[in-house]
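Just so you know, these numbers come straight off a predicted model, no measurement behind them.
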Amino acid sequence: MVRNCLKKMYALLVVFALLITGTNISAQLNPPLGASDWKYVTPFQYGYVMNDMSFIDNNTGLAVGNNGAIAKTTDGGYNWQYLSFKYITATNSISLASLNDVHFVTPTVAYAVGGGGLLIKSTDGGINWAQITTPLTPLGKNINALHFVNKDTGYIGGAAINTTNTTNINDAPKVYFTKNGGLSWDSLATPFRRQQNVANLSGFNQSEIQRIHFVNDSVGYVTGSCGNVSANYSAILWKIEKGVVRDYSIHRSKFGITATTGSYAPATQTYKGVIGINDSLVMISSLNNNVVIRVKTGKNDSTASAVPAVWGAYEKGIYDIVVWLNSTATPFPASLA
């Protein structure tokens, strides 16, 4: 009897101790309002939309957005200095810049890109900016992505020069590069990217490159949209390695789906988030449909369902969906959209 009572008392003490510990852990995980190390700040005043930011160190960063918005902080984001950038368009009119991406390369050199073929450069840490001409500038085509590996060598990408429905690989979106800070440009050869259900290249040039991220001087990743959703194209995922572009685009066959009709939802998203973990691993995320995919791109990684031999290519890669909140698929992979 006494022993049973002692056991019950001991059990209650254990539960009480766990409750106290749980309360302490909860308090640590959910600190009182105002006690967190995180603070809400915004680089732009009301009426602006932020599209990207880049920090050169823990304190100094740049943010860009619509309506010509550029902002700079030197205290880790607590305070921002604002300026509004106007430029001359391809039709020789003055317009407020719509900036899509920014890269703070050195403490003094920064680049930003935007709609209408706009590329701008700062050599004083983001206070003053000058427009640079690219192959997309005269045509007024969107530039969505850039990444510079040093102050002079960088890559940009966006819309195709010719967005009319064609089957010419030269009409597809290209990655352009400069080795002299934008004074001259060249382009990398674009890989083929076929439809999900037929071996047809028509319409593939209507997609756009959205982001570029290099993990070192010679290896980088490129993401983008599928272009023509109704034609069931695969969203862009390319790997640049020593100047060669290889196709890892999000084709449904990479997830074991071999049906000849329809499309696979993750393959038709717009992938605007990309982080190259290293030269053989990349993670990408969609713009607004909660899809996150991890792709292994090492030499020993390969899919069982590579591109048909007719294309003369054997595409490497192991594909894992990390997050897909819009799916109710059971079992995985999901049925066609």
What distance separates [X] [atom1] from [Y] [atom2], expressed to the nearest 0.5 Å?
X	Y	atom1	atom2	value
M50	L99	CE	CG	13.0 Å
I275	R211	CD1	CZ	11.0 Å
K296	I277	NZ	CD1	12.5 Å
T74	D57	OG1	CG	9.5 Å
T89	Q131	OG1	CD	9.0 Å
N216	E241	CG	CD	8.5 Å

*Among side-chain atoms of K239 and T297, is any donor-acceptor pair under 3.5 angstrom?*
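There is such a pair between these side chains.
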
_Looking only at side-chain N and O atoms, does T137 offer a donor or acceptor that is under 3.5 Å from a partner on T133?_
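The answer is no; no qualifying pair exists.
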
Looking at every heavy atom in both [X] and [Y], which two are closest together, and how far apart are they?
X	Y	value
T270	S225	OG1-CB, 3.6 Å
R246	P191	C-CG, 4.4 Å
A71	Y82	CB-CD2, 4.0 Å
A172	A160	C-CB, 3.8 Å
A159	L136	O-CD2, 3.7 Å
F104	F55	CB-C, 4.4 Å

*Stepwise side-chain hydrogen bond (donor to acceptor under 3.5 Å, both in side chains) check, D52 with S54*: CA-CA 7 Å; D52 192 55; S54 177; over 6 Å; no

Test of understanding: clusters of I, L, V, M, F, W, Y form through side-chain heavy atoms closer than 4.5 Å, transitively. Do [X] and [Y] belong to the same one?
X	Y	value
I212	M283	no
V215	L237	yes
I240	V149	yes
L139	W185	yes
V291	Y248	yes

*Check step by step if side chain to side chain contact (heavy atoms under 4.5 Å, CB included) holds for Y87 and I94.*
CA-CA 6 Å; Y87 73 107; I94 298 176; over 6 Å; no

Does any part of the side chain of [Y], heavy atoms only, come nearer than 4.5 Å to the side chain of [X], both counted from C-beta?
X	Y	result
S218	K242	yes
D75	N59	no
K174	N170	yes
Q269	L287	no
P135	S187	no
R294	L281	yes
Y233	T268	no

*Please list, chain by chain and in numerical order, all residues satisfying ring pair (Phe, Tyr, Trp, His ring centres under 6.0 Å) with Y221, sequence neighbours excluded.*
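Here no residue qualifies.
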
*Starting from the C-alpha separation in whole Å, work towards a yes-or-no answer on side-chain hydrogen bond (donor to acceptor under 3.5 Å, both in side chains) for S98 and N66.*
CA-CA 4 Å; S98 179; N66 298 340; 3.1 Å; yes

Donor-acceptor pairs under 3.5 angstrom involving side-chain atoms of residues 109-124: please list them, not counting sequence neighbours.
| from | atom 1 | to | atom 2 | distance (Å) |
| --- | --- | --- | --- | --- |
| Y111 | OH | K121 | NZ | 3.3 |
| Y111 | OH | K151 | O | 2.6 |
| S122 | OG | D124 | N | 3.4 |
| S122 | OG | D124 | OD1 | 2.9 |
| S122 | OG | G126 | N | 2.8 |
| S122 | OG | N128 | O | 2.9 |
| D124 | OD1 | I127 | N | 3.2 |
| D124 | OD1 | N128 | N | 3.0 |
| D124 | OD2 | N128 | N | 3.3 |
| D124 | OD2 | N128 | ND2 | 2.6 |

Is the backbone N or O of [Y] less than 3.5 Å from a side-chain atom of [X], with the two atoms forming a donor-acceptor pair by type?
X	Y	result
N150	D152	yes
N290	V323	no
N278	S280	yes

_Walk me through whether S84 and L96 qualify under side chain to side chain contact (heavy atoms under 4.5 Å, CB included)._
CA-CA 8 Å; S84 186; L96 285 170; 3.3 Å; yes

_is_close_aromatic(W238, Y155), centroid dist under 6.0 Å_ = no

*Test log, rule side chain to side chain contact (heavy atoms under 4.5 Å, CB included), inputs V64 and D101*: CA-CA 7 Å; V64 298; D101 201 1; over 6 Å; no

Identify every side-chain donor-acceptor pair in residues 176-184 under 3.5 Å, counting partners at least two apart or on other chains, and give the distances.
| from | atom 1 | to | atom 2 | distance (Å) |
| --- | --- | --- | --- | --- |
| T178 | OG1 | N180 | N | 3.2 |
| T178 | OG1 | N180 | OD1 | 2.9 |
| T178 | OG1 | G182 | N | 2.9 |
| T178 | OG1 | S184 | O | 2.9 |
| N180 | OD1 | L183 | N | 3.0 |
| N180 | OD1 | S184 | N | 3.0 |
| N180 | ND2 | S184 | OG | 2.7 |

_Please check if the number of heavy atoms outside N58 that lie under 6.0 Å from its CG is greater than 12._
no

*Under the side chain to side chain contact (heavy atoms under 4.5 Å, CB included) criterion, do I293 and I250 qualify, and how do the steps go?*
CA-CA 9 Å; I293 299 176; I250 314 301; 3.8 Å; yes

*Between V175, I143, N144, which is the residue that forms a side-chain contact (heavy atoms from CB on, under 4.5 Å) with I209?*
V175

